[in-house]
S.K.: 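Let me begin by handing over the structure; questions about it come next.
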Amino acid sequence: MTQLLHIDASIRKRRNDNPNHDSISKRLAHCFVSTLKENTSIHNYMYRDVGMNPPPFTDQDWLGAVFTKKENRTEEQKNKLAVSDKLIDELIQADIVVISTPMYNYGMPAQLKAWFDQIVRINETFSFDLARGDFPLEPILSGKTLVLLTSCGEFGFEAGGVRESMNHLAPHIRTLSKYLGCEQVFEIASEYQEFADFRHQSSLESAFVKSRELALKLV
């Protein structure tokens with residue numbers, strides 16, 4: 001049975017009074033998750049809309065709490081880490097992580113970055129040991145799958161594309177994914193949104209088809 005963690009990052013709602021304002025990335029995630037639910041048993045479905053309800057940004061007090069031994073943490077420090085602890089617990093339980101996100105200014109939304117910053121944490125999701133030389137960080141978690149569903153206004157962000165060097169969304173998330181314990185990553189993207197022409201419609205339709213196909217593949 002599947003344990004699924006679903007993170008939506010768009011600041012738009014999935015459905016609005018004006019369909020032109022609907023979040024494409026959330027619609028793609030809904031398509032994937034719905035297909036998965038229809039074809040397999042979901043033991044535990046955990047959902048967070050960090051676009052609408054972002055986790056707090058980390059700060060110096062948060063960092064101080066992280067680097068204080070658990071047995072020595074004050075109540076204030078424990079409270080400071082309560083959100084991080086909860087988010088990490090959700091991640092630990094999941095075997096499939098679904099992240100849907102638009103591209104904002106060629107990278108991820110600040111709300112999604114805040115989620116990653118709360119989760120990628122020493123002694124919780126990664127270990128640090130200088131005995132490993134120039135690569136002292138190693139992930140603690142393993143065996144998970146990441147499904148990344150993205151939308152962007154322009155196009156050509158794929159490998160070899162005309163805007164490959166401008167893509168700071170998917171490559172960044174792929175880099176961080178190993179600290180989520182994700183050993184395989186599937187990415188589906190919808191492009192051309194700002195052009196609002198046949199290319200966008202074709203890209204969107206293809207993304208929905210690929211989302212359904214991937215869900216069936218992962219059953």
Side-chain angles (χ1 to χ4, degrees), residues 1-10 12-16 19-20 22-52 87 89-103 108-109 112 115-116 119 139 141-153 155-161 164 167 169-193 198-219:
M1 290 189 292
T2 300
Q3 300 207 83
L4 182 64
L5 175 59
H6 176 184
I7 306 296
D8 280 338
S10 175
R12 293 180 184 264
K13 297 177 182 178
R14 180 168 63 89
R15 294 205 176 278
N16 293 275
N20 290 328
D22 291 352
S23 166
I24 290 174
S25 58
K26 284 180 177 176
R27 288 175 59 201
L28 290 174
H30 179 75
C31 173
F32 173 84
V33 171
S34 296
T35 304
L36 198 65
K37 285 182 174 180
E38 290 167 2
N39 290 276
T40 192
S41 175
I42 305 295
H43 175 66
N44 187 16
Y45 175 66
M46 298 164 284
Y47 176 71
R48 286 195 177 267
D49 186 338
V50 300
M52 295 289 186
L87 297 179
D89 181 63
E90 291 173 351
L91 173 65
I92 289 171
Q93 294 181 61
D95 47 57
I96 297 179
V97 180
V98 177
I99 296 178
S100 83
T101 178
M103 175 182 282
M108 75 174 77
L112 181 57
W115 180 81
F116 274 109
I119 281 181
L141 306 177
S142 62
K144 303 180 188 297
T145 295
L146 172 63
V147 175
L148 177 60
L149 304 159
T150 67
S151 62
C152 54
F155 65 94
F157 294 102
E158 72 280 0
E164 178 185 5
N167 185 358
L169 176 61
H172 191 179
I173 293 175
R174 281 180 174 272
T175 297
L176 295 176
S177 69
K178 70 177 184 178
Y179 299 111
L180 303 184
C182 295
E183 296 178 344
Q184 60 176 348
V185 179
F186 298 96
E187 181 188 350
I188 298 171
S190 172
E191 299 184 305
Y192 297 96
Q193 184 177 4
F198 73 94
R199 295 174 298 176
H200 170 58
Q201 190 59 38
S202 176
S203 178
L204 183 58
E205 290 174 0
S206 174
F208 276 118
V209 170
K210 290 177 181 177
S211 295
R212 288 188 288 268
E213 290 176 344
L214 178 58
L216 293 174
K217 178 180 178 179
L218 295 180
V219 167

S.K.: What residue among Phe198, Phe155, Phe157 forms ring pair (Phe, Tyr, Trp, His ring centres under 6.0 Å) with Tyr192?
M.R.: Phe155
S.K.: Quick check for you: to the nearest 0.5 Å, what is the distance between Ser151 atom OG and Arg27 atom CZ?
M.R.: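 Reported to 0.5 Å precision, the distance equals 10.5 Å.
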S.K.: Could you check if a side-chain atom of Arg48 sits within less than 4.5 angstrom of a side-chain atom of Leu87, using non-hydrogen atoms only?
M.R.: yes
S.K.: Using 0.5 Å steps for rounding, measure from the CG atom of Asp49 to the OG atom of Ser10.
M.R.: 8.0 Å
S.K.: So Leu91 and Lys144, side-chain contact (heavy atoms from CB on, under 4.5 Å) or not? Walk me through it.
M.R.: CA-CA 9 Å; Leu91 173 65; Lys144 303 180 188 297; 4.2 Å; yes
S.K.: For Arg174, run the side-chain contact (heavy atoms from CB on, under 4.5 Å) check against Leu146, Val185, Leu169 and tell me which one passes.
M.R.: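 By the side-chain contact (heavy atoms from CB on, under 4.5 Å) criterion, Arg174 pairs with just one of Leu146, Val185, Leu169: Val185.
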S.K.: Spell out, as yes or no, whether a donor-acceptor pair under 3.5 Å connects the side chain of Thr40 to the backbone of Leu36.
M.R.: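 Flag not set: sc Thr40 to bb Leu36 has no pair under 3.5 Å.
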S.K.: When you compare the side chain of Pro109 with that of Thr101, does any pair of heavy atoms fall below 4.5 Å?
M.R.: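 Yes - at least one pair of side-chain heavy atoms lies under 4.5 Å apart.
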S.K.: Out of curiosity, Ile99 CD1 to Cys182 SG, how far, rounded to the nearest 0.5 Å?
M.R.: 7.0 Å
S.K.: Compare every heavy atom of Ala9 with every heavy atom of Leu112, then report the nearest pair and how far apart it is.
M.R.: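 Closest approach of Leu112 to Ala9, heavy atoms only: CB-CB, 3.9 Å.
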S.K.: Take Val33 and Tyr45 through the side-chain contact (heavy atoms from CB on, under 4.5 Å) test and state the conclusion after the steps.
M.R.: CA-CA 10 Å; Val33 171; Tyr45 175 66; 3.9 Å; yes
S.K.: Below 4.5 Å, heavy atoms only, C-beta onward: do Asn167 and Met103 meet side chain to side chain?
M.R.: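 Yes; the side chains approach each other to less than 4.5 Å.
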S.K.: With side-chain contact (heavy atoms from CB on, under 4.5 Å) as the test, would you mind laying out the steps for His172 and Phe116 before giving the verdict?
M.R.: CA-CA 11 Å; His172 191 179; Phe116 274 109; over 6 Å; no
S.K.: Look at the side chain of Lys26 and the backbone N and O of Arg12, then say whether any donor-acceptor pair between them is shorter than 3.5 Å.
M.R.: yes
S.K.: Using modelled atom types and a 3.5 Å cut-off, is there a donor and acceptor pairing between side-chain atoms of Ser203 and backbone atoms of His200?
M.R.: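 Flag not set: sc Ser203 to bb His200 has no pair under 3.5 Å.
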S.K.: If you compare all heavy atoms of Asn16 against all heavy atoms of Asp22, which two are closest, and at what distance to 0.1 Å?
M.R.: N-OD1, 2.6 Å
S.K.: Among all residues two or more places apart in sequence or in another chain, which pass the side-chain contact (heavy atoms from CB on, under 4.5 Å) test with Met46?
M.R.: Leu5, Asn44, Glu90, Gln93, Ala94
S.K.: Using side-chain heavy atoms (C-beta onward) and a distance below 4.5 Å, is Ile119 in contact with Tyr179?
M.R.: no
S.K.: Find the distance between CD1 (Ile42) and OG1 (Thr2) and round it off to the nearest 0.5 Å.
M.R.: 4.5 Å
S.K.: Hey, could you give me the CD1/CG distance between Ile7 and Leu148, rounded to the nearest 0.5 Å?
M.R.: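 Reported value, rounded in 0.5 Å steps: 12.5 Å.
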S.K.: Show your working on side-chain contact (heavy atoms from CB on, under 4.5 Å) between Leu176 and Leu180 and close with a plain yes or no.
M.R.: CA-CA 7 Å; Leu176 295 176; Leu180 303 184; 5.7 Å; no
S.K.: Using distance only, find each side-chain donor-acceptor pair of residues 205-219 under 3.5 Å and give its atom names and separation, not counting sequence neighbours.
M.R.:
unit_1 : atom_1 : unit_2 : atom_2 : d
Glu205 : OE2    : Gln201 : NE2    : 3.1
Ser211 : OG     : Ala207 : O      : 2.8

S.K.: Do Ile173 and Glu187 make a side-chain contact, defined as non-hydrogen atoms from C-beta onward lying under 4.5 Å apart?
M.R.: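 Side chain of Ile173 against side chain of Glu187, heavy atoms only: no contact under 4.5 Å found.
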S.K.: Nearest 0.5 Å please: distance from the NE2 atom of His30 over to the CG atom of Asp8.
M.R.: 10.5 Å
S.K.: If I compare all heavy atoms of Ser25 with all of Ser100, which pair ends up nearest, and what's the gap?
M.R.: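 In this case the closest contact between Ser25 and Ser100 is O-CB, 3.3 Å.
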S.K.: Glu191 side chain to Gly156 main-chain N or O, any donor-acceptor pair under 3.5 Å?
M.R.: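 The answer is yes, because a donor-acceptor pair under 3.5 Å joins these two groups.
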S.K.: What's the shortest heavy-atom distance between Glu158 and Glu164, and which atoms?
M.R.: O-CB, 3.5 Å
